[in-house]
Number of protein chains: 2
Amino acid sequence: MEKVEAATARPASPLTERQEARRRRILRASAQLAGRGGFDAVQMREVAESSQVALGTLYRYFPSKIHLLVATMQDQLEHMHGTLRKRPPAGETPGERVAETLMRAFRALQREPHLADAMVRALTFADRSVSPEVDQVSRQTTAIILDAMGREHPTPAQLSAVRVIEHTWHSALITWLSGRASIAQVKVDIETVCRLIDLTDPETPR
Amino acid sequence: MEKVEAATARPASPLTERQEARRRRILRASAQLAGRGGFDAVQMREVAESSQVALGTLYRYFPSKIHLLVATMQDQLEHMHGTLRKRPPAGETPGERVAETLMRAFRALQREPHLADAMVRALTFADRSVSPEVDQVSRQTTAIILDAMGREHPTPAQLSAVRVIEHTWHSALITWLSGRASIAQVKVDIETVCRLIDLTDPETPR
DNA sequence: ATCAAGTCTGAAACTTGTTCTAGGTTAGCG
DNA sequence: CGCTAACCTAGAACAAGTTTCAGACTTGAT
């Protein structure tokens, strides 16, 4: 079990203690507001007030609402990765394990649908100026999936499958959040796409 | 030249000629502005001015910027479906044909990346209030894919695969638009996911 | 042709994300 | 300790999406 550092690395300047505390307060306020009313409920003035920080300071920490919400997602994702790690999926094949893991994540999101809404909307709405942060979220998601697969050295075909799984995961979440797909439908979609993994797995009997 | 109604059916009241003309002007202005600077360049005041309509009227026709852009997408999609139909894909298997068709659509989008940006961002940012319209876009996309497959009666497994393909298509477009994936990468993703179809196709030799 | 109902217009107002400014505070350093 | 650069605060100001409203114009039915 080596360091998981790289994930959060904020190479800039190492932030004093009070600054770290401010950052935490901001992220907490963001998640709290998002948890209530979703994307729209996260209003920058409210976040500032709620985290006892001036509006200008909020913008110094997070240069836009999208940045803030994507950072919130990074935060939550890290937490979730930790949680998921604790109880590894029990499926027979890598595909089953990935599906199981994603469904567990999905169930977690269902408990906070508004928060999920805010984070996912921000993620897909993000433009180029947020690329690094969004990429970071993507890497974290990939890590979770690879973890679930439990294959030390994924083949290139499997990596492609993982990319497609991530696409499906994000897009399925969106259709669920906007009320165009049921929970059951999301489940089917995830299971369908996860089959792609086993189809390229050298060790899975078919 | 008969009507292509069904797709655009606006059951409300049947719009007079001048109203139809207004609607067209608005959509044209929207596409034009989007074609320049993407999502941000489509400013409601400018759309109104550019289409010779009062701001209030614009909002009567399209209750939000998102509605407007999603409608713009419906419009473009219809056009594209027509174009694609003219020259059917040549691939051997359904999966190859779908991949070919989507790549053709993708190339069309590459010619107007800003327009693509505006439409796709609107589509994924849309909330519940736009569900009917977004659903319509989704149905149209499904129709294009089924068309390309060339299978009269898709199996349930194939329909699931089509859903996953749509997810991948949307999400891959987003990663491309936000500069996080190359054109080549999108191609790989599409080809990867399209394999799902053949794997469930009763007539494809494997 | 006339009237009522429904539309459209122009302009102002309101909301929320974002930027800017002037002055006060903090942290690190000599 | 005292300085300086960086940081923080309160609040005004600006930008673009959305709402509202009074008055002018169209339309359809009589």
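None of the values given here were measured: they were computed from a predicted structure. Lettering of chains follows the sequences in order, A, B, ..., and the numbering in each one begins at 1.
Put simply, CZ on A:Arg60 is 8 Å from C1' on D:dC8, counting in whole angstrom units. Going from atom CZ of A:Arg121 over to atom P of C:dG17 covers 13 Å, rounded to whole Å. For the pair A:Glu17 CD and D:dC7 C1', the computed distance is 17 Å after rounding to whole Å. Rounded to an integer number of Å, the gap from CD of B:Glu46 to P of D:dA15 is 13 Å. One can place CG of A:Asp127 at 10 Å from P of C:dT18, the figure rounded to the nearest angstrom. Straight-line distance from the CZ atom of B:Phe125 to the P atom of D:dA16: 17 Å, rounded to whole Å. Between the P atom of C:dA27 and the CD atom of A:Glu20 lies a distance of 15 Å, rounded to the nearest Å. Atom-to-atom, OH of A:Tyr61 to C1' of D:dC8 comes out at 9 Å; the value is rounded to the nearest Å.
Sorted by first then second residue, the ring pair (Phe, Tyr, Trp, His ring centres under 6.0 Å) pairs that include residues 133-168 of chain B, not counting sequence neighbours, number zero. Under the ring pair (Phe, Tyr, Trp, His ring centres under 6.0 Å) criterion, the residue pairs touching residues 124-149 of chain A are A:Phe125-B:Phe39, A:Phe125-B:Phe125, with sequence neighbours excluded.
Two residues are said to be in side-chain contact when any heavy atoms from C-beta on lie closer than 4.5 Å; A:Gln76 and A:Glu112 fail this criterion. For the pair B:Leu102 and B:Ile165, the minimum side-chain heavy-atom distance is below 4.5 Å.
With sequence neighbours excluded, the residues that form a side chain to side chain contact (heavy atoms under 4.5 Å, CB included) with A:Thr141 are A:Leu77, A:Val137, A:Ile145, A:Glu166, A:Trp169. For A:Phe106, the ring-ring contact (aromatic ring centres under 6.0 Å, His included) criterion is met by A:Trp176, not counting sequence neighbours.
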Letter by letter from the 5' end, nucleotides 17-30 of chain D scores (B base, S sugar-phosphate only, - none; protein heavy atoms under 4.0 Å) BBB------SS---
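When heavy atoms are screened at a 4.0 angstrom cut-off, B:Gln52 is found touching the sugar-phosphate backbone but no base atom.
At D:dC8, one or more side-chain N or O atoms of A:Gln19 fall inside 4.0 Å of OP1 or OP2 (strictly under the cut-off).
Among D:dT9, C:dC8, D:dC7, the nucleotide with an atom closest to any side-chain atom of A:Thr57 is D:dT9. Across C:dT7, C:dT9, D:dT9, the shortest atom-to-atom separation from the side chain of B:Ala54 is found for C:dT9.
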Show the atom names and distances, to 0.1 Å, of all donor-acceptor pairs under 3.5 Å that link a side chain in residues 43-56 of chain A to residues at least two apart or in another chain.
residue : atom : partner : partner atom : Å
A:Ser51 : OG   : A:Val47 : O            : 2.6
A:Ser51 : OG   : A:Ala48 : O            : 3.4

